[in-house]
Amino acid sequence: MPWTSRKTPPRPWPTTLRAQIDDLQTRLREAETHLEHLTITRKTVTGLADRLPAGPPDPPEHPNYPRIFDAFNHATGPPRAKDVCEALGHELLPKNVEGTCTKLKRLAKLGILAEIDTGGFARKQ
């Protein structure tokens with residue numbers, strides 16, 4: 001701004017502008033540092049995401065697995081091996097319940113089911 005009045009002294013424009021430039025340079029350095037950190041974080045997250053499986057694996061080939069999933073779809077709560085065995089139409093003999101429990105534990109180990117308590121299973125969401 002030009003100096004228009006003889007009574008008011010001129011503003012120290014160079015000093016004010018230098019202070020503004022210094023402030024803007026500081027803010028620019030901070031923004032660039034923040035951007036560098038975001039870039040590093042993005043690379044890290046995408047690198048980790050590439051290692052994750054795309055979805056739950058396919059169940060092993062066995063004729064009972066679709067029937068087991070059907071039993072889970074119709075269950076009102078977390079079914080136990082005995083409930084699934086009964087839904088499959090097997091006699092409730094210890095060998096049948098144990099075999100069904102083994103299949104459920106295998107599905108839990110594959111990440112298809114979750115064992116929520118001892119003997120209780122649920123489908124993973």
Side-chain angles (χ1 to χ4, degrees):
M1 214 174 194
W3 185 30
T4 57
S5 172
R6 293 179 188 220
K7 294 180 183 178
T8 57
R11 289 185 183 170
W13 281 96
T15 307
T16 303
L17 289 176
R18 280 191 196 98
Q20 288 177 351
I21 289 171
D22 289 343
D23 180 53
L24 289 173
Q25 285 177 338
T26 301
R27 290 171 51 192
L28 178 62
R29 279 192 298 275
E30 290 171 356
E32 287 173 339
T33 302
H34 184 70
L35 182 61
E36 287 176 24
H37 292 169
L38 288 175
T39 303
I40 293 168
T41 302
R42 181 173 185 238
K43 285 180 184 178
T44 304
V45 169
T46 55
L48 292 173
D50 291 341
R51 296 180 192 175
L52 295 175
D58 293 330
E61 294 292 323
H62 193 280
N64 278 344
Y65 285 120
R67 294 173 57 208
I68 289 172
F69 295 136
D70 190 50
F72 273 85
N73 291 338
H74 291 86
T76 56
R80 304 180 82 66
K82 180 180 173 184
D83 302 326
V84 175
C85 188
E86 196 172 38
L88 294 175
H90 299 307
E91 286 186 65
L92 294 180
L93 300 173
K95 68 176 187 172
N96 293 339
V97 175
E98 289 171 11
T100 302
C101 186
T102 301
K103 288 178 181 69
L104 295 175
K105 286 188 179 279
R106 184 177 305 130
L107 291 172
K109 187 174 182 180
L110 290 172
I112 298 170
L113 296 179
E115 189 169 5
I116 54 174
D117 60 15
T118 305
F121 295 88
R123 289 195 81 154
K124 281 204 170 179
Q125 300 299 330

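Counting begins at 1 with the first residue of the sequence.
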Residue pairs involving residues 26-38 (criterion salt bridge (Lys or Arg N to Asp or Glu O under 4.0 Å); sequence neighbours excluded): Asp23-Arg27
Going by side chain to side chain contact (heavy atoms under 4.5 Å, CB included), name the residues that satisfy it together with Arg67, two or more places apart in sequence or in a different chain. Asn64, Leu88
Rounded at 0.5 Å granularity, tell me how far CZ in Arg18 sits from OG1 in Thr16. 10.0 Å
Can you list every salt bridge (Lys or Arg N to Asp or Glu O under 4.0 Å) pair that touches residues 76-101, not counting sequence neighbours? Arg80-Asp117
Under 4.5 Å between any side-chain heavy atoms of Leu113 and Phe72, yes or no? yes
Residues two or more places apart in sequence or in another chain: which of them pass side chain to side chain donor-acceptor pair (under 3.5 Å) with His34? none
Shortest non-hydrogen contact from Ile116 toward Ala122: CG2-CB, 4.1 Å
Inter-residue atom distance Ile68.CD1 - Asn73.CG, 0.5 Å rounding: 12.0 Å
Could you tell me which residues satisfy ring-ring contact (aromatic ring centres under 6.0 Å, His included) with Tyr65, sequence neighbours excluded, listed by chain and number? His62
What is the minimum heavy-atom distance between Ala81 and Val97, and which atoms define it? CB-O, 3.9 Å
Drop me the distance from Leu107's CG to Thr102's OG1, to the nearest 0.5 angstrom. 11.0 Å
With sequence neighbours left out, what residues match Asn96 under side chain to side chain donor-acceptor pair (under 3.5 Å)? none
To the closest 0.5 Å, what do you measure between OG1 (Thr39) and NZ (Lys43)? 7.0 Å
Find the distance between CZ (Arg42) and CD1 (Ile40) and round it off to the nearest 0.5 Å. 13.5 Å
Rounded distance (nearest 0.5 Å) linking atom CZ of Arg51 with atom OG1 of Thr46: 10.5 Å
